Amino acid sequence: MKQKIKLIGILLVFVVFLACKEQVKDVKTEVKQEPKKEATEKAKPNGIVNGVKQVWIDADLAVGKKNIGKPGYSDVDDGYAVLQLLQADNVKINGLSTVFGNNSVDNAFAIGNYISKEFAAQKIEVYKGAATPINLDSVVTNDAVEAMAAALKKQPLTILAIGPATNVGLLLLKYPELQSQIVEVVLVAGRRTSKDYFKIGNKGVLAKDLNFDLDNTAFRVLLEHKVSLVFCPYEISSKVWIKQEDLEALKNTTPGMKWLATASQPWIEQWKNQGADGFNPFDVMASHYIIAPQDIISEPLQARLEINLDDTVKDNNNEVYKSYLLCTEENGAPVTYCYDVVPGYHQKLMETFKK
């Protein structure tokens, strides 16, 4: 009897030993398989090489140009955005494409070439892009789109799009596979509600959300292709001012800023005529976000297109409507919405101009 019990005990120990061995084997197998799983996961590209952010600029440059079809001068803030990035140590501009918007694409292309020649030793290639909004019945590429596509095939890029988003929209329609190569697109557009008016001065002038208004379809393409988007709207730029004393100070800095400050005089005079004592540098909010996002206060929201009465038409008795790019906490595509700047921002901004 004792021998039987002893034999059963030996068998039980043997069975337990085998079971433990199988468990250890399974654990080892799982440990071996885990690194394989991690190796197959693809890290999202950040577009930074040796600490330098790789950037493509798409702009409707209009510095010093008279408006087409109406009196006055066109915006100058796009010039400040380009020169700010050009002077930044942590940014490399991989190309500059131009688009219609504040002025004609031909004028934008000429100004882009001037900046490259005079202030960048022609090291920045300039490409002419779209002259009109996207036409879904005939989606046609251009030199800017092809150059942007070629650059994205080589490496991930952040795109600063400070005019209508037409060229970027065409890029995504023609080359949807390159969406994963776009780190993010930083744009100047959007608002929270259709009642958030873009006031210029104190004489009742309301501005358009121009980049969006000129090509709604391009923004719709960006939202539907789920590209990482950053919006720097009027809400943030309305809190930042460039005044006459700033222009005078900039004239004593770099050759580029001297040219730009001088060309800004007619522009600031237009704002003064509307009751303001300076102008809002709209596009600079976007370029500054690329250089130093810690200086820009933002929040995650969701963006969508919505039709409402046109806020720029006076005495609008339910007759004139338009699309709005609205950013709220629900119902839309995820975006980063920039709405304020950090304390002491003006000094930080001026320092980026004076380098």
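Please read all numbers here as calculations on a predicted model, not as lab measurements. Only this structure's heavy atoms are used, side chains among them; waters, hydrogens and symmetry mates stay out.
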In one Ile/Leu/Val/Met/Phe/Trp/Tyr side-chain cluster, 4.5 Å: Leu96, Ile290
yes
Residues that Gln179 engages under side-chain contact (heavy atoms from CB on, under 4.5 Å), provided they are two or more places apart
Leu172, Val227
In terms of hydrophobic clusters joined by side-chain contacts under 4.5 Å, are Val82 and Trp267 together?
yes
Heavy atoms only: give me the nearest Thr193-Leu326 pair and the separation to one decimal.
C-CD2, 3.6 Å
Side chains of Gln274 and Gln270: do they bring a donor and an acceptor to under 3.5 Å?
no
Return the orientation label for the Trp271 and Phe282 ring planes: parallel under 30°, perpendicular over 60°, tilted otherwise.
tilted
Check the side chains of Gln347 and Glu351 for a donor-acceptor pair under 3.5 angstrom, ignoring hydrogens and angles.
no
Ser264 and Tyr80 side chains, donor-acceptor separation under 3.5 Å
yes
Lys199 atom NZ, neighbour heavy-atom count above 12 within 6.0 Å:
no
Going by heavy atoms in the side chains, are Ile111 and Thr98 under 4.5 Å from each other?
no
Answer yes or no: is there an ion pair linking Glu118 with Lys258, defined by an N-O contact shorter than 4.0 Å?
no
Taking atom NZ as the centre, does Lys251 end up with more than 12 heavy-atom neighbours from other residues, nucleotides or ligands that are less than 6.0 angstrom away?
yes
Measure up the Phe219 and Phe212 rings against each other and bin them: parallel (under 30°), tilted (30 to 60°), perpendicular (over 60°).
perpendicular
Below 30° counts as parallel, above 60° as perpendicular, anything between as tilted: where do the rings of Trp56 and Tyr127 land?
parallel
Name of the residue among Thr312, Asn308, Ile307 meeting side chain to side chain contact (heavy atoms under 4.5 Å, CB included) with Asp310:
Thr312
Is there a continuous path of hydrophobic side-chain contacts, each under 4.5 Å between heavy atoms, that joins Leu173 to Leu305?
yes
For the residue pair Tyr339 and Tyr337, categorise the inter-ring angle as parallel (less than 30°), tilted (30 to 60°) or perpendicular (more than 60°).
parallel
Tell me which one of Lys195, Arg191, Arg304 satisfies side chain to side chain contact (heavy atoms under 4.5 Å, CB included) with Tyr324.
Arg191
Check whether more than 12 heavy atoms from other residues, nucleotides or ligands sit under 6.0 Å from atom CZ of Phe119, and answer yes or no.
yes
With clusters defined by side-chain heavy atoms of hydrophobic residues (ILVMFWY) lying less than 4.5 Å apart, directly or transitively, does Met350 cluster with Ile296?
yes
From Asp58, Leu222, Val230, Val335, residue fulfilling side chain to side chain contact (heavy atoms under 4.5 Å, CB included) relative to Leu187
Leu222
Is it possible for you to say whether Ile93 and Phe109 belong to one hydrophobic cluster, with membership spreading through side-chain heavy-atom contacts below 4.5 Å?
yes
Answer yes or no: are there more than 12 heavy-atom neighbours, outside Lys92 itself, under 6.0 Å from its atom NZ?
no
Ser116 and Asn113: side chain donor to acceptor below 3.5 Å:
no
Hey, what do you get for CD (Gln302) to CG (Asn331), rounding to the nearest 0.5 Å?
7.0 Å
